[in-house]
Amino acid sequence: MAVKGRVLSVASECVPLIKTGGLADVVGALPAALRVQGWEMQVLLPAYRRLRGLLPGLREVWREPNLWGGEGVVFQGEVEGVPVLLLDAPHLYDREGGPYNGAGGDWPDNPQRFAALSWVAARMAREGFAGWKPQVLHAHDWQAGYAPAYLAYGGPSGVGSVMTVHNIAFQGWADAGMLGVLRLPREAFHPGQLEYYGGLSSLKAGLVTADRITTVSPTYAAELMRPEFGMGMQGLIAARAGVVSGILNGVDTEVWSPEAEPVPFSVKAMKGKATARLALCEEFGLSVPTGPLAIVVSRLTDQKGIDLLPQVVPEFIASGGALVVLGSGDPALEGAMRGLEQRFPGRVAVRIGYDEGLSHRLFSGADAVLVPSRFEPCGLTQMYGLRYGTVPVVALVGGLADTVIHASPAALAAGVATGVQFHPTDAVAFGQALRQLVALYADPKLWARVQRNAMGHPVGWETSAAAYAALYDGLTA
Ligand code: ADP
């Protein structure tokens with residue numbers, strides 16, 4: 001397809017280079033998905049310590065002499081098909097630890113570290129580089145929030161900007177005294193622009209200055225305008241409602257493909273899933289359950305509703321179910337999960353850690369995936385569940401509301417149900433949803449139908465990429 005335009009995407013995470021959550025999956029998937037739509041995309045991200053080894057193989061395309069205490073050099077290349085731009089600034093990024101924190105917690109200079117990323121993004125978008133001039137700057141989450149702001153405050157650029165919220169809980173807060181340090185205009189420090197509850201928020205800066213705001217599901221877009229979900233940003237997002245939209249994430253259907261698993265299966269040949277189920281029970285020392293084998297693959301945090309599990313699991317186990325949990329996070333929740341495992345040996349298994357390979361085996365072998373989130377901008381695991389016929393049991397929030405068709409009497413009668421939803425996110429509603437899951441599972445014909453529907457539900461990037469392309473088209477028309 002002919003190239004319609006070019007987008008500079010800026011983010012702190014990108015699969016396959018660096019990932020702590022779903023943001024990385026999305027940022028890494030968009031370039032290929034958009035190429036099909038005629039939009040070229042390159043992704044700018046920091047050259048963290050573990051990425052610096054890649055630099056010698058890449059081409060230098062930009063130099064920024066004064067980047068908060070040192071020089072920044074941008075290297076361009078392609079890593080596993082993803083066109084990337086790595087910002088090498090050792091004084092900011094060459095550190096032992098994660099992208100946002102080391103052993104002692106969050107890096108104290110995070111405002112400068114990500115302002116630097118945003119500064120370079122805005123400059124490269126405005127000037128173009130190595131013969132490549134973007135029409136759109138696409139910023140992801142608080143780490144890139146100052147990019148649209150620097151672009152806007154720098155005067156007319158002819159470059160359109162998009163701010164995407166993957167999770168409003170992380171807002172990039174900084175003290176008001178940082179205004180000058182962060183190279184932000186003093187006259188913009190008022191509630192209509194940069195001021196945020198007496199301080200600064202890089203996410204707010206992006207939200208007030210970008211031409212378009214998107215988030216990762218239509219329901220989350222609407223939720224963000226309400227105090228229960230907006231986390232302080234509801235007013236300003238509602239005030240810009242005319243430029244806000246929700247575009248669901250997709251999943252990489254080549255990576256997440258039941259046909260490509262070691263024990264392959266498909267909607268037409270489900271035997272492999274039964275084999276994977278037995279293998280899973282064996283791997284975790286579970287007795288093969290008569291009821292549904294459920295999984296949780298998640299960060300173990302309050303957002304994800306993990307604390308509800310100890311309240312609902314005993315009855316679920318008593319009614320024939322089994323559970324495998326894979327995740328890490330809050331030590332108290334890790335402890336609670338270990339407690340469940342000890343209490344129900346052979347029925348509950350817990351693996352604390354992060355393990356993509358195991359995650360694939362879990363989705364292959366399990367009957368259901370539980371996602372009891374309090375809020376969920378989009379969520380990916382329910383979509384893996386759909387694809388693998390691992391029926392999602394989800395809270396009715398955000399993207400979980402938009403991707404699953406609840407097995408209501410109407411949906412069952414119409415033959416379109418793909419999972420079970422519950423509301424509100426509490427133990428009473430969750431427990432009731434698990435009762436419904438057990439009942440569905442006990443009806444083999446109905447169960448097979450729901451699984452089939454789930455596996456037929458489109459979860460790839462096609463629709464979403466077309467929506468992003470339309471958004472960019474609108475910015476350049
Ligand atoms: P969030 O970004 O809020 O953590 P998402 O559902 O959007 O939630 O994305 C989480 C991603 O990380 C998914 O790809 C999920 O499978 C993966 N993931 C989370 N925890 C683990 C884990 N312990 N092991 C393997 N993959 C995990």
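Side-chain atoms are counted along with the backbone in the values below, which use heavy atoms only and exclude waters and symmetry mates. Just so you know, these numbers come straight off a predicted model, no measurement behind them. Read the numbers this way: they start at 1 and go in the same order the structure lists the ligands and their atoms.
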- Message: Taking the basic N atoms (NZ, or NE/NH1/NH2) and the acidic carboxylate oxygens, is any pair closer than 4.0 Å for E341 and R347?
- Response: no
- Salt-bridge criterion met for R361 and E283 (N-O under 4.0 Å): yes
- Query: Between Y468 and W39, does the ring centroid distance fall short of 6.0 Å?
  - Reply: no
- Message: Salt bridge or not between K268 and E259? Use side-chain N to carboxylate O under 4.0 Å.
- Response: no
- Item | Ion pair check, D211 and R240, cut-off under 4.0 Å | no
List of N/O pairs, ligand 1 versus protein, all under 3.5 Å?
{"residue": "ligand 1", "atom": "2 (O)", "partner": "G22", "partner atom": "N", "Å": "2.7"}
{"residue": "ligand 1", "atom": "3 (O)", "partner": "R299", "partner atom": "NH2", "Å": "2.7"}
{"residue": "ligand 1", "atom": "3 (O)", "partner": "K304", "partner atom": "NZ", "Å": "2.9"}
{"residue": "ligand 1", "atom": "4 (O)", "partner": "R299", "partner atom": "NE", "Å": "2.7"}
{"residue": "ligand 1", "atom": "6 (O)", "partner": "L380", "partner atom": "N", "Å": "3.0"}
{"residue": "ligand 1", "atom": "8 (O)", "partner": "K304", "partner atom": "NZ", "Å": "3.0"}
{"residue": "ligand 1", "atom": "14 (O)", "partner": "K19", "partner atom": "NZ", "Å": "3.3"}
{"residue": "ligand 1", "atom": "14 (O)", "partner": "Y384", "partner atom": "OH", "Å": "2.7"}
{"residue": "ligand 1", "atom": "23 (N)", "partner": "G353", "partner atom": "O", "Å": "2.7"}
{"residue": "ligand 1", "atom": "24 (N)", "partner": "D355", "partner atom": "N", "Å": "3.0"}

- Query: Quick check: does any side chain N or O of Y354 sit under 3.5 Å from a backbone N or O of L326, one acting as donor and the other as acceptor?
  - Reply: no
